[in-house]
Trainee: 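One structure, pasted below without further comment.
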Amino acid sequence: MSAFGVSPIRAAVIRELARHPDGETSGQIARDLEATYHTVFRHLRELEELGLVDSDAEGDRQGQRVVYRLNRHARDREAERLLAYLDGR
């Protein structure tokens, strides 16, 4: 991943969400990755702004529990764009 300038923690967050299609909370992701909550939360927010991650933060929720899910279509589109760029297209 580092050959393409991809943050290892960001890639791990995306991978973790891909492994859990029903979604996970930021706290659970942080525990699974043995990373700090704040680091994971920052990456989740940035990925959400980019459209790669969706959350139920805007909908009904109880307490502070927010579930994040990978937007696979957006991830695949961005991966295709990177490959096209690297191929000179």
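In this chain, numbering begins with 1 at the start of the sequence shown.
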Trainee: According to side chain to side chain donor-acceptor pair (under 3.5 Å), who are the partners of Asp87, at least two apart in sequence or on a separate chain?
Mentor: Arg89
Trainee: How long is the straight-line distance from CG of Leu47 back to CZ of Arg42, given to the nearest 0.5 Å?
Mentor: 10.5 Å
Trainee: Under the rule for side chain to side chain donor-acceptor pair (under 3.5 Å), what residues qualify as partners of Arg10, not counting sequence neighbours?
Mentor: His43, Glu46
Trainee: Under 4.5 Å between side-chain heavy atoms, hopping through other hydrophobics if needed: is there a path connecting Ile14 to Phe41?
Mentor: yes
Trainee: Please determine whether residues Tyr37 and Leu17 belong to a single hydrophobic cluster, defined as Ile, Leu, Val, Met, Phe, Trp and Tyr linked transitively by side-chain heavy-atom distances below 4.5 Å.
Mentor: yes
Trainee: Mind checking what makes side chain to side chain contact (heavy atoms under 4.5 Å, CB included) contact with Ala35, not counting sequence neighbours?
Mentor: Ile9, Leu33, Val40
Trainee: Would you check, one step at a time, whether the test side-chain contact (heavy atoms from CB on, under 4.5 Å) holds for Glu24 with Asp32?
Mentor: CA-CA 10 Å; Glu24 280 199 309; Asp32 291 347; 3.0 Å; yes
Trainee: What is the minimum heavy-atom distance between Gly51 and Ala74, and which atoms define it?
Mentor: O-CB, 3.3 Å
Trainee: Distance check, rounded to the nearest 0.5 Å: Ile29 atom CD1 versus Glu16 atom CD?
Mentor: 6.5 Å
Trainee: Donor-acceptor check, side chain of Arg69 to backbone of Asp22, threshold 3.5 angstrom: yes or no?
Mentor: yes
Trainee: Using the ring pair (Phe, Tyr, Trp, His ring centres under 6.0 Å) rule, collect all pairs that involve residues 68-89, keeping only residues at least two apart or in two chains.
Mentor: none
Trainee: Give the minimum heavy-atom separation between Ser55 and Val66, together with the two atoms involved.
Mentor: CB-CG1, 3.7 Å
Trainee: Kindly write out the residues that satisfy side chain to side chain donor-acceptor pair (under 3.5 Å) with Arg31, not counting sequence neighbours, or none if the list is empty.
Mentor: Gln28
Trainee: Just do the salt bridge (Lys or Arg N to Asp or Glu O under 4.0 Å) check on Arg77 and Glu80 with the steps written out, would you?
Mentor: CA-CA 5 Å; Arg77 183 183 66 238; Glu80 288 174 15; over 6 Å; no
Trainee: At what distance, to the nearest 0.5 angstrom, does CZ of Arg15 lie from NE2 of His20?
Mentor: 10.5 Å
Trainee: Between Asp56 and Arg65, which heavy-atom pair has the shortest distance, and what is it?
Mentor: OD1-O, 4.3 Å
Trainee: Once side chain to side chain contact (heavy atoms under 4.5 Å, CB included) is applied, do any residues pair with Glu78, and if so which ones, sequence neighbours excluded?
Mentor: Leu52, Arg81
